[in-house]
Amino acid sequence: MPLVTPGVIKLSSYYFPTLKEDPVDAEIVSHRLLIRGAFLRKVLGGCYAFLPLGMRVLRKIEQIIREEMDAIGCTELLMGNIQPGELWHESGRWDDYGPELMRLENRNGTSFVLGPTHEELITSLVRNELRSYKELPKSLYHINWKYRDEIRPRFGLLRAREFIMKDAYSFHDSAESLNEHYQQQSSAYARICERLGLDFRPVEADSGQIGGKVTTEYMALAEVGEAELVYCESECCGFAANTEVASVDVKLAQYQASNVEKIHTPIEGTITALANFLGVSESATVKALSGRTEDGSIWVVFVPGSHELALLKAEHALPGFSLLDDEAMLAAGLIKGYMGPVGLPNGVKVAADESLRNIERWVVGANELHYHYVGAKYDEDFSVDLWADFLCAKDGDICKQCGATVKIARGIEVGQVFQLGTKYSESMHAYYMSEDGSEKPFLMGCYGWGVTRSLAAVVEQHNDSNGIIWPMGVCPAEVCVIALAVNDEFVEPVATRLADELAKRGIEVALDDRNERPGVKFNDADLIGWPLQLIVGKRGLENGKVELKVRDTLEKSELSLNNAADEVAKLVFEHRAMFA
Ligand code: ATP
Ligand code: MG
């Protein structure tokens, strides 16, 4: 006898050790429920094993991704986990990638990396073999494990050391061709989000160490997300950006003064204390932060008192910028909490946020303990060496595209698409023969999707106090038939027949035929989160009825045994048709 009836998951012989208690180290709901529901087990910090239920969901997500990639002409291949260290030296990322890169050596002392991403490997595969402009464009993807020695793996699958990514790479001979494929990938990413049932926003982002300029992140909105995004409240605008890079307009108050004056401010050196002391709003004051750039210069950066400095923007505007600690400030002659552009120590340079150009008279530190200037005017009282965007956007700032207000939200980055340009093709000498006969480096794009992270993001957005509520497109099976009394002479045969009928109609079905109390079965069914539960009990059968429970709404209805399979199949097919 086969262990499992073909097409039906018989839970009596399935491996799914659900837990009653929350695991102690799980801080967020998706992590808790995926462990309790027997989808995952921790192997070591940041590494997980997928149990059979988890594996089923994973395969579904992969299938959705495959369909969407295939639909835009992106072709699947498979690259391994171990890559030659040499390739990373060629691209320069052996040094640039930092300690997240997992390096290893074999017995002969040859260096390898465990791939955190595959730009180097794919470029080495196509160079010398993809030769002519006539063969372009080409787009390739694979789905495989990735390794990153994250400093703080946490939140289960959200930030892991070993995780599954879909990564695609494309090769082009013109910016138009790259841009066209980038748009196709972007649309595919939006469709993947929809099919996974994710509430998401595509956001403008920073390309980090990967290279290139044009990039979009796909963010699943969630409080536990590590990324912060700004989005326009106007429904027709669509502006959204990572707060690290978001450029917005700000409303600032003007300090009313006709000349500059140094005043005694015997207060703690914070913006709130200063604003309270002067009886003005924080946005009428100016905040200062000091840092050192890679050439060793000391800069003081000024931003409106109502806003924070965006460090990443500071790093872009002032290469290598890092904040000074208290000791370094003292050594540079800077007074924490009282820095200002008037009378800075010699050699200290001044940078300011663009928005402060519109502030006629600044309220700002006087470089002296317990003193501030009010009414300081640039070009008269001080000068600015560099104007740039240094602001971290916040709720209520103004959208540059449409003038509506923006909001801040948190998000889980589930995917990111990049236009890489020629960063890898040039450093790794990947050239093709162009139409005019000259050798040119490929223009490249790369498109990463966190398969395992998106699985957790789905759970983060779809759960209640009883467990997971899988959207139909990503559930471990669409229906669970629950046999309430397996020893009863009718219940089990009827439940088995129903499960078989559903399986024959092409529905994914589990059959809870375990010798367990009804309470255990109901709890497990809700915890695991099968979208539809078909409950077969003795009393119902006496009246020719079974019960259907919809996990999402918790609605229950009675179905006549005769057409229960048809009714349930209809529901499933209606749902499938929405994404066909
Ligand atoms: P993050 O900013 O969250 O560290 P990243 O921008 O470094 O991610 P990418 O290089 O863009 O990540 O990788 C593509 C996708 O891989 C990400 O959008 C994310 O979904 C997934 N991913 C990256 N790092 C991890 C990780 N440590 N654990 C799980 N998934 C990850
Ligand atoms: Mg990213």
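When a ligand or atom number is given, it counts from 1 through the structure's own listing order. Atoms considered below: every heavy atom in the structure, side chains included; atoms not considered: hydrogens, waters and symmetry mates.
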Would one find an N, O or S atom of Glu413, in either backbone or side chain, under 2.8 Å from the Mg ion (ligand 2)?
yes
Decide yes or no on ring-ring contact (aromatic ring centres under 6.0 Å, His included) for Phe163 and Trp145, but give the supporting numbers first.
CA-CA 5 Å; Phe163 58 95; Trp145 294 101; 8.7 Å; no
Does a donor on one side chain and an acceptor on the other come within less than 3.5 Å for Ser454 and Trp449?
yes
Can you confirm, on distance only, whether ligand 1 has an N/O atom lying under 3.5 Å from any N/O atom belonging to Glu150?
yes
Considering the heavy atoms of Arg148, write down every atom of ligand 1 situated less than 4.0 Å from one of them.
5 (P), 7 (O), 9 (P), 10 (O), 12 (O), 13 (O), 23 (C), 24 (N)
Applying a strict 4.0 Å limit to heavy atoms, is Leu157 in contact with ligand 1?
yes
For Gln63, I'd like to know if atom CD has over 12 heavy atoms of other residues, nucleotides or ligands within 6.0 Å.
yes
Counting only heavy atoms, which portion of Met165 has something under 4.0 Å from ligand 1: side chain, backbone, both, or neither?
side chain
Testing Gln184, Gln419, His172 for side chain to side chain donor-acceptor pair (under 3.5 Å) with Asn179, which one passes?
Gln419
For ligand 1, is any non-hydrogen atom under 4.0 Å from Glu217's backbone (N, CA, C, O), its side chain (CB onward), both, or neither?
neither
Going by the 4.0 angstrom heavy-atom rule, the piece of Asp167 near ligand 1 is neither
Quick check: does Thr452 get an N/O under 3.5 Å from an N/O on ligand 1?
no
If you measure from atom 1 (P) of ligand 1 to every heavy atom of Arg159, Met219, Lys146, Arg161, which option wins on shortest distance?
Arg159
Ring centroid separation Trp299 to Phe321 under 6.0 Å:
no
Residue-level breakdown please: for Glu413 versus ligand 1, do any non-hydrogen atoms fall below 4.0 Å on the side chain, on the backbone, on both, or on neither?
both
Should we count CZ of Arg191 as having more than 12 external heavy atoms under 6.0 Å?
yes
Gly448, any N or O under 3.5 Å of ligand 1 N or O
no
If we only count N/O pairs under 3.5 Å, is Ala160 in contact with ligand 1?
yes
Report, in ascending order of atom number, the atoms of ligand 1 lying under 4.0 Å from any heavy atom of Gly415.
18 (O)
Could you tell me whether Tyr218 and Tyr189 have their ring centroids closer than 6.0 angstrom?
yes
Would Gln83 and His118 count as a side chain to side chain donor-acceptor pair (under 3.5 Å) if you check the C-alpha gap in whole Å, the side-chain angles of each, and the deciding distance to 0.1 Å?
CA-CA 9 Å; Gln83 305 182 14; His118 281 63; 3.2 Å; yes
Can we call the ring centroids of Phe418 and Tyr447 under 6.0 Å apart?
no
Just go through Val417, Val451, Val414 and tell me whose heavy atom is the nearest to atom 20 (O) of ligand 1.
Val414
